[in-house]
Amino acid sequence: TQLLEQSPQFLSIQEGENLTVYCNSSSVFSSLQWYRQEPGEGPVLLVTVVTGGEVKKLKRLTFQFGDARKDSSLHITAAQPGDTGLYLCAGVSGGATNKLIFGTGTLLAVQP
Amino acid sequence: EAGVAQSPRYKIIEKRQSVAFWCNPISGHATLYWYQQILGQGPKLLIQFQNNGVVDDSQLPKDRFSAERLKGVDSTLKIQPAKLEDSAVYLCASSLGERGLAGLYNEQFFGPGTRLTVL
């Protein structure tokens, strides 16, 4: 069974602080995605990382895929209240089924 | 372009009652997914359709859950009878299809979900 563990589970920080969320698995994924979900909405895709060691930047967000394609991290610089939400990593499984395996989630609250 | 539509947005029922959720995917999307998301956790895939056929229902509790996509467009998910532990958000997602050429992943687009509370 493929599992993705995220840490921390909860994070409450002040505006302007930096933070890192980790996503770890014992399984290899063909690619890995990060989503943000706000209350009452479905997850929204932030980024897809495909190559081991890949780093992608999206404004204040930096995403990294581990060399072995088993883990990933999300770093937010100078967090803002608008960053508040549930952050989910999701591994794209192998084969032809287009299946996603979601992580356990990290709930982030950024206080003004 | 219209997104994935779901209804109702909220539903409160008592245990042992029945409930049904409806999903209309993005036009032209052949693959449709139903997920269950317990509060504060990641979504768990319940069932995946390719057109009107089931691709994966390995995590669907078939003694009480059923889903159909008869015409290969919209879909319904039913719970009968509901249990307290079924309280969750039920998300529908769609994608253009299964893996494309060269095994490329097709992005899934999610609806807003239906929040079910079982009392």
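Residue numbering restarts at 1 for every chain, and letters A, B, ... go by the order of the sequence lines.
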Flag side-chain contact, heavy atom, 4.5 Å: [X] against [Y]:
X: Y33(B); Y: I47(B); result: no
X: P61(B); Y: Q36(B); result: no
X: D74(B); Y: L32(B); result: no

[X] versus chain B, the contacting section by heavy-atom distance below 4.5 Å:
X: L100(A); value: both
X: Q9(A); value: neither
X: Q33(A); value: side chain
X: Y35(A); value: side chain

Q | Neighbour count >12 (heavy atoms, 6.0 Å) for atom NZ, K11(B) | A | no
Q. Is the number of heavy atoms from other residues, nucleotides or ligands within 6.0 Å of CD (E14(B)) greater than 12?
A. no
Q: Can you sort out the partners of F21(B) under ring pair (Phe, Tyr, Trp, His ring centres under 6.0 Å), two or more places apart, ordered by chain and number?
A: Y90(B)
Q: Take D86(B) and R64(B) through the test side chain to side chain contact (heavy atoms under 4.5 Å, CB included) and record every step on the way to the result.
A: CA-CA 10 Å; D86(B) 298 331; R64(B) 298 184 300 106; 2.5 Å; yes
Q. Is the backbone N or O of L3(A) less than 3.5 Å from a side-chain atom of S25(A), with the two atoms forming a donor-acceptor pair by type?
A. yes
Q. So, does Q6(B) use its side chain to make a donor-acceptor pair with the main chain of C92(B) at under 3.5 Å?
A. yes
Q: Check the pair N52(B), L70(B) against side chain to side chain contact (heavy atoms under 4.5 Å, CB included), reporting the backbone distance first and the verdict last.
A: CA-CA 6 Å; N52(B) 61 352; L70(B) 293 175; over 6 Å; no
Q: Treat each ILVMFWY residue as a node, draw an edge where side-chain heavy atoms are under 4.5 Å apart, and state whether L45(A) and V50(A) are in one component.
A: no
Q: Would you please go through residues 107-119 of chain B and name the residues with a non-hydrogen atom below 4.5 Å from one of chain A, in numerical order?
A: E107(B), Q108(B), F110(B), G111(B), P112(B)
(Q) Can you list, by chain and residue number, the hydrophobic cluster partners of V55(A) when the side-chain cut-off is 4.5 Å? (A) none
Q | Neighbourhood of chain B inside residues 59-90 of chain A, taking heavy atoms under 4.5 Å as contact | A | L86(A), L88(A)
Q: Name the option with the most non-hydrogen atom pairs under 4.5 Å to chain A; the candidates are G40(B), A93(B), P43(B).
A: P43(B)
**Q.** Y35(B) versus chain A, the contacting section by heavy-atom distance below 4.5 Å
**A.** side chain
